[in-house]
Amino acid sequence: MQRIIKARLFLKINGFVLITGLLLSGCAGRPIGNNNTADYRNGMVVSANPFASKVGLDILKKGGNAVDAAVAVQFALAVVYPNAGNIGGGGFMVYRSATGVTNTLDFREKAGAAASRDMYLDAAGAPIVDKSLYGQLAAGVPGSVAGMVAAHAKYGKLPWATLLEPAILLARNGFPLSTQQAGELNNLREKLLQLNPDGTALLKDGTWAATELLKQEELATTLELIRDQGRAGFYEGRVADQIIQEMKRGGGILTKTDLQQYQAVWREAITGAYKGYRIITMPPPSSGGIALIQLLKSVEPYPLRRWGFQQDSTVQLMVEAERRVYADRATHLGDPDFYDVPAKALMEDQYTKDRMKNFDWSKATPSSVVKAGKVNAKEHEETTHFSIVDKAGNAVSVTTTLNGSYGAVVAVKGAGFLLNNEMDDFSVKPGAANMYGLVGGEANSIAPGKRMLSSMTPTILEKDGKLFMVVGTPGGSTIITSVFQTILNVIEFDHNMQQAVSAKRFHHQWLPDVIYTETGAIDSLTRVKLEVKGYIIAPRGPMGRVDAILKTKQGGYQGAADPRGDDQWLGW
Ligand code: DON
């Protein structure tokens with residue numbers, strides 16, 4: 001089986017060599033079992049797609065730093081991973097320099113100026129589900145291009161054009177689809193036809209086959225404009241006109257002013273501690289960082305290591321922490337530029353301790369009795385994550401998304417890129433669940449110019465003041481719990497990076513009151529012990545695709561790519 005996977009990748013990569021002239025050197029890695037203990041000294045790139053990882057590695061080898069590589073990978077993913085890689089979406093970057101300076105970049109989409117609180121409700125006040133999920137009206141103002149420009153301006157070393165070139169080549173000349181990608185595009189055919197009556201590069205006569213080349217000429221031209229004009233190549237001129245035309249075609253509301261005014265924002269990282277490790281993670285408008293710190297603090301006083309990996313006490317404790325933290329998320333978290341998020345209060349030691357006080361080992365706490373805590377201060381799915389470390393030891397952790405798989409499923413005519421459907425991440429009505437079953441209220445209500453709340457949790461860990469781990473994942477509401485589990489797998493259960501990533505996952509998000517499990521995540525005895533206490537356990541498909549890097553004791557980097565997708569690590 002492993003041999004088949006390797007052979008297919010080899011063919012794909014050979015195809016890439018023929019097309020683009022880039023060479024793949026020996027240190028390729030795909031998650032082969034749980035045995036990835038190799039150690040690379042000069043740098044590492046882990047992303048959802050082998051071509052994108054290769055683009056990142058080449059940039060590192062050319063002398064680019066981790067931010068240069070991240071910019072190149074972001075644009076490459078927009079081509080080779082169109083379900084989530086994007087220029088029409090947004091995301092978050094967490095940065096830690098080799099000397100320990102930290103920063104985060106928020107390039108999350110924003111609601112357009114014409115957005116309004118009830119824009120996705122019918123006359124009776126009920127949410128019209130598809131309205132925030134498909135079509136032009138589902139899109140927020142894209143942030144990715146502004147984000148990459150801002151990241152490059154602050155930290156980049158190589159020329160901007162060098163970072164765009166590989167993506168342009170891949171778009172213009174094409175790349176071979178993986179089996180998973182061909183299947184996804186075929187499944188999406190009806191929706192693509194319906195929402196793109198004039199066609200898109202993602203549609204063809206007949207069905208897509210694995211290894212078939214996907215060429216995206218229009219996208220290549222758009223990327224060339226971005227290469228030559230920077231942010232103006234996207235937010236002004238021809239591409240901006242094409243976006244506005246697309247809005248007119250499908251009842252969207254974004255305007256030229258919305259595009260021109262969009263700014264990515266540098267924000268101070270959220271930091272916290274767990275048993276001697278320092279966690280550096282994303283502040284609001286992502287909920288991920290605060291929730292991750294809350295989760296870690298909630299379980300810190302307990303002997304997880306003694307209980308063991310995925311044993312009943314371990315699972316029960318983690319689930320009870322998750323239930324409480326997601327209840328807090330629903331009430332307290334939103335765009336900090338619009339809502340006073342009580343970040344400090346939510347992460348205080350005493351607060352997390354108090355939140356866990358009413359938990360009873362003998363039975364499940366029903367979610368119906370768990371409300372958001374009172375804080376003292378006022379204050380189908382696709383996304384993708386990549387982790388990068390460069391030769392000097394600078395680290396970048398980026399999670400980026402269109403929200404749902406292929407976003408709003410609308411490609412901007414003539415410009416060849418997909419629009420996001422990020423507006424669904426707002427709470428369209430208090431208490432109404434979004435596509436991930438997440439509920440929210442006032443903190444995350446729709447307002448013009450506001451950023452929708454995210455779960456994305458790009459994170460970097462330090463130990464003894466030195467880089468320890470770079471981690472993150474897609475997965476909608478399961479992002480936070482997947483990052484949480486991956487960190488605990490390494491720190492508490494002595495997994496190597498690949499074991500921690502490959503391990504089966506479980507998830508609880510307060511509502512619905514269910515523990516979702518991947519097949520094999522919980523053994524039958526543990527399951528019975530939990531069910532007797534009143535926990536409802538339900539199977540779910542794969543959760544997340546964690547792409548992570550661990551700094552080893554020997555001083556090298558150990559990559560881990562999630563076997564749930566086509567993900568790949570490459571080191572040198
Ligand atoms: O920002 C968020 O939390 C969501 N838009 C992320 C979507 C996602 O992870 C879908 N992927 N699997």
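Remember, predicted model here, so these are calculated numbers, not experimental data. Side chains included, hydrogens not; waters and symmetry mates left out as well; all remaining heavy atoms used. Start at 1 and go down the list; that is how both ligands and their atoms are numbered.
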Can we say D424 and K131 salt-bridge, meaning some charged N sits less than 4.0 Å from an Asp/Glu carboxylate O? no
N/O to N/O below 3.5 Å, does that happen between Y436 and ligand 1? no
Any donor-acceptor pair under 3.5 Å from Q509 side chain to Y326 backbone: no
So for ligand 1, is I479 a polar contact partner (N or O within less than 3.5 Å, distance only)? no
Axial cation check for Y134 ring with K191, 6.0 Å and 45° limits: yes
Mutual orientation of the aromatic rings belonging to Y277 and F468 [parallel < 30°, tilted 30-60°, perpendicular > 60°]: tilted
Which option out of T401, L402, D425 puts a heavy atom nearest to atom 5 (N) of ligand 1? D425
With a 4.0 Å cut-off, would you call D106 and R451 a salt bridge? yes
With heavy atoms only and a cut-off of under 4.0 Å, state how T383 meets ligand 1: side chain, backbone, both or neither. both
With heavy-atom distances below 4.0 Å as the criterion, list the atoms of ligand 1 near S455. 1 (O), 2 (C), 3 (O)
Is the closest basic N to carboxylate O distance between E322 and R329 below 4.0 Å? no
Between M452 and ligand 1, find which residue part has any heavy-atom pair under 4.0 Å and reply side chain, backbone, both or neither. neither
For ligand 1, which atoms have a heavy atom of N403 less than 4.0 angstrom away? 4 (C), 5 (N), 7 (C), 10 (C)
Consider every N or O of P474 and every N or O of ligand 1, then say whether any pair is closer than 3.5 Å. no
Run down the list G89, S454, S287 and name the one with the heavy atom closest to atom 1 (O) of ligand 1. S454
Please list, in number order, the atoms of ligand 1 under 4.0 Å from a heavy atom of G475. 8 (C), 9 (O), 11 (N), 12 (N)
Is ligand 1 less than 4.0 angstrom away from at least one heavy atom of R108? yes
If only atom types and distance count, is the side chain of N196 paired as donor or acceptor with the main-chain N or O of A411 below 3.5 Å? yes
Atoms of ligand 1, numbered as shown, that sit under 4.0 Å from any heavy atom of M456: 1 (O), 3 (O)
Between K297 and E348, does any NZ, NE, NH1 or NH2 come within less than 4.0 Å of an OD or OE carboxylate oxygen? no
